[in-house]
> 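Quick one: the structure is below, questions incoming.
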2 protein chains.
Amino acid sequence: MTGSVTLHDVARRAGVSLATASRALNGSANRVVGEQLRERVLRAAAELRYSPNAHAQAMARGRTDVVGLSLHDIADPYFSAVAAGVMREAGANGLLVTMASTQRRPGAETDYVGAFRRHWASVVIVVGSRTDDRAATDRLADELAAFEAEGGRAVAVSQPRLPVDTISIDNHGGARDLGEALHDLGHRRFAVLGGPGDLLTASERVAGFRAALSRRGGRLDPDHVVSGPFTRDGGYDAMHRLLDREPDVTCVFAVNDVMAVGAMAAMRDRGLEPPAGMAVAGFDDIATLRDVNPGLTTVRIPLEEIGALAVRLALEDDVARPRVRRVGGEVVLRASTPRVPS
Amino acid sequence: MTGSVTLHDVARRAGVSLATASRALNGSANRVVGEQLRERVLRAAAELRYSPNAHAQAMARGRTDVVGLSLHDIADPYFSAVAAGVMREAGANGLLVTMASTQRRPGAETDYVGAFRRHWASVVIVVGSRTDDRAATDRLADELAAFEAEGGRAVAVSQPRLPVDTISIDNHGGARDLGEALHDLGHRRFAVLGGPGDLLTASERVAGFRAALSRRGGRLDPDHVVSGPFTRDGGYDAMHRLLDREPDVTCVFAVNDVMAVGAMAAMRDRGLEPPAGMAVAGFDDIATLRDVNPGLTTVRIPLEEIGALAVRLALEDDVARPRVRRVGGEVVLRASTPRVPS
DNA sequence: CTGAAAGCGCTTACAG
DNA sequence: CTGAAAGCGCTTACAG
């Protein structure tokens, strides 16, 4: 960068020292600059279109006004909803958000936290399911610990397996409530599109659903559980594989809404119109998908609120850490899962 | 931040000077450190878990490895798709992305570009329609010019009204092609849900659609054009207002997909099942909405590709600026607009 | 209330 | 190939 106006230029134009110029412009702790000088400085700064160098400020102050946010894929509406909450709350606190997409590459979270550390982010937020890879989780934990040891604040939105404040979504409970609700609608024979096998979020939802059925005295045929990526195409392919087995079921639970929508597309490919052909339920209550037809039964997770909460937790002072905040989901029954006539 | 390991610590542990440690760790321009010393330095850095201070590097180097991205709302799938492209391409070039949501607040773009300037972002990308507010556009133009004068690179995804490289989406052409295609399907009486009146993107789409009809010898009844926010609820409300007028039309064009989906919800509220009740078309081809039922006719815009292109334009050297890249859309006919029986 | 000066943690000519 | 030193643009004790 060249030609930028520095504090030095402002000070000279105003005929004051660097120190006075700095104080006039910020006047934080020891804010004591004569009215007259202050005005001279402000005028000079305006005339020169002075813009302070954030790096120099960071160097001198030893901290920064950015929050680093790591998530898997910003194009996925689950993550963009959380990101929206983070950005809203960050903006309200005068913080900028630096975002990184892991694209689910193993180790990427750790790399990005390292990058945020190098940038002296004041806050780091890591959003996304943990996996069953213990070693990877440990490396991330170490990096987060190093970040906090340097004075940063980290918050995870994930399973509570990291040594920092974490917001833990009750996947098990939500799926259990959903399973019970579907059972109460009269469904007895279920299938599940289970997401990637190594993702804890996916396995928790499957487990919760399974628990609901056994509570009600039913069970889930292992042959009716199909796994696949956490995406629209993942749901689409998984549903086709399920239907290839000609399963005798009345209702399929896809472990997230995006997969559920893919599943409905696959059903239609085969002339199975939902919900008549088969009832379908998802999880998350993605806003953009609230108008699909038939309306998708799901479990509402307050994603944006979770993002905002993450920032708030990070900014809270004088509390014992790490803390765990559990966030529950709420079953939303819609037209995709009608009552079974008895 | 406290307790962080500095280059100084690494140098001391390796028994070399600061300069040597720095060179061993980066070895960019004048990369000439003895193999033995280099190894000593690398080992010391690893042992100490050294993480360079990005601000100090930025200060010393006079530039930074971040791209600033301003957009209106990351929860809106239009913007999250563009953002995904920006992040992908930025990541491929070792750049971090700092993102800011304007929430369509007037003046916010200018404020954020100022923030990116203070942070010495090497690239700034501004995504979003210009409005008919000339003064606001001028202020943003000034800020972008100041940013580039300091050595930064800016790219706009918007109407070409800013003094920087811009990617201009052919809203007029896309809407015109869509209008002609719908006319060719046999539709003659149209309504338009026109988006916010001050947004150029909205008015360009309406104008293009109108142009198509007059080309074909038809016209758009002014009474059949309703405006409203660029959101799902905006489309929903606008459609209700339109239906209140009991318009004699066979097809409604919502100027973006999100509004179109809201419009379909409003129709269903009144027992008007699309497309039988009325044909519906949108614009953008939002990925998350490709499975709505009936499938939504729209104009496909390569949003992610546009985001990636923005980064690429910014990174190109030795070219005359500013440049304008026009990106066209492609009509995608789906079930929401069946042929009218003749 | 104001200023001279040290310091934040790096990089990079400039010498050797 | 290696090192001493200046400089990047701020902030903030420390004096006065």
Side-chain angles (χ1 to χ4, degrees), chain A residues 1-42 44-45 48-65 117-122 150-151, chain B residues 1-42 44-45 48-65 117-122 150-151:
Chain A
M1 303 280 178
T2 117
S4 57
V5 176
T6 71
L7 224 211
H8 187 248
D9 301 322
V10 174
R12 194 175 35 187
R13 182 177 189 113
V16 302
S17 72
L18 257 184
T20 299
S22 173
R23 290 181 190 120
L25 258 19
N26 302 301
S28 46
N30 38 353
R31 45 182 202 71
V32 276
V33 177
E35 186 55 32
Q36 219 172 312
L37 285 194
R38 141 172 279 114
E39 287 210 341
R40 285 228 305 271
V41 172
L42 294 182
L48 295 174
R49 305 206 65 213
Y50 169 68
S51 164
N53 181 319
H55 300 295
Q57 291 186 317
M59 288 284 302
R61 290 176 177 164
R63 55 194 172 65
T64 236
D65 59 350
R117 230 183 115 197
R118 283 193 290 283
H119 282 261
W120 280 12
S122 54
E150 290 169 10
Chain B
M1 303 277 177
T2 117
S4 56
V5 176
T6 71
L7 225 211
H8 186 247
D9 301 322
V10 174
R12 195 176 34 187
R13 182 176 189 113
V16 301
S17 72
L18 258 184
T20 298
S22 173
R23 290 181 190 122
L25 258 19
N26 303 301
S28 46
N30 38 353
R31 45 182 204 71
V32 277
V33 177
E35 185 56 31
Q36 220 172 313
L37 285 194
R38 142 172 279 115
E39 287 210 342
R40 286 226 306 270
V41 172
L42 293 182
L48 295 173
R49 308 206 65 213
Y50 170 68
S51 164
N53 181 318
H55 300 294
Q57 293 186 316
M59 288 285 300
R61 291 176 177 165
R63 57 193 169 65
T64 235
D65 60 349
R117 231 183 114 198
R118 282 193 290 283
H119 282 261
W120 280 12
S122 54
E150 291 170 10

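By convention in this document, chain letters (A, B, ...) are assigned in the order of the sequence lines, proteins followed by strands, and residues within each chain are numbered from 1.
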> For the backbone of B:Ala14 and the side chain of B:Arg40, can you confirm whether one donor and one acceptor N or O come within less than 3.5 Å of each other?
yes
> So if I take every side-chain heavy atom of B:Leu37 and compare against D:dT2, D:dC10, C:dC10, which nucleotide ends up nearest?
D:dT2
> Quantified in whole Å, what is the C1' atom distance between nucleotide D:dG16 and nucleotide D:dT12?
16 Å
> Any side-chain N or O of A:Ser17 less than 4.0 Å from the OP1 or OP2 oxygen of C:dG3?
yes
> Could you tell me the separation between the CG atom of B:Leu18 and the P atom of C:dC10, rounded to a whole number of Å?
8 Å
> Let me know the distance between CD of A:Gln57 and C1' of D:dT12, rounded to the nearest Å.
13 Å
> Determine whether a donor-acceptor pair (N or O, by modelled atom type, separation under 3.5 Å) exists between the side chain of A:His55 and the backbone of B:Ala56.
no
> Quote, to the nearest angstrom, the P distance that separates C:dC1 from C:dA5.
23 Å
> Calculate the interatomic distance between B:Arg12 atom CZ and D:dT2 atom C1'; express it in whole Å.
19 Å
> Nearest heavy-atom pair of B:Trp120 and A:Asn53: which atoms, and what distance?
CZ2-ND2, 2.8 Å
> Once you round it to whole Å, what is the distance between C1' of C:dG9 and CE of A:Met59?
4 Å
> Let me spell it out: for each of B:Glu35 and B:Ala60, pick the nucleotide of DNA chain D with the closest heavy atom. Which residue's pick is nearer the 5' end?
B:Glu35
> Would you say C:dC10 has OP1 or OP2 under 4.0 Å from some side-chain N or O of B:Ser22?
no
> Can you name the nearest heavy-atom pair linking B:Val41 to B:Val10, along with the distance?
O-CG1, 3.8 Å
> Expressed as a whole number of angstroms, how long is the span from B:Arg118:CZ to D:dC8:P?
22 Å
> Any side-chain heavy atom of A:Leu37 within less than 4.5 Å of one from A:Arg23?
no
> Taking the side chain as every heavy atom from C-beta outward, state whether B:Asp9 and B:Arg12 have any atom pair closer than 4.5 Å.
yes
> In this structure, how many angstroms lie between the P atom of D:dG9 and the CG atom of B:Asn53, rounded?
16 Å
> Show, in sequence, the C-alpha distance, side-chain angles and deciding distance for B:Leu7 and B:Gln57, and conclude whether the side-chain contact (heavy atoms from CB on, under 4.5 Å) test is met.
CA-CA 11 Å; B:Leu7 225 211; B:Gln57 293 186 316; over 6 Å; no
> Is it the case that the base of D:dG3 and the side chain of B:Arg23 share a donor-acceptor contact (distance under 3.5 Å, atom types as modelled)?
yes
> On DNA chain C, check which nucleotide each of B:Ala56 and B:Ala19 is closest to and give me the residue with the more 5' one.
B:Ala56
> Taking atom P in both C:dC14 and C:dC10, compute the distance separating them and give it to the nearest angstrom.
24 Å
> Within this structure, what is the CZ-to-C1' distance between A:Arg61 and D:dG9, rounded to whole angstrom?
12 Å
> Round to a whole Å and report the spacing from CG of A:Leu25 to P of D:dT11.
8 Å
> Both distances under 3.5 Å, Watson-Crick or G-U wobble: on that basis, could you give the dot-bracket string for DNA chain C, with [ ] for crossing pairs and | for other-strand partners?
|||.||||||||.|||
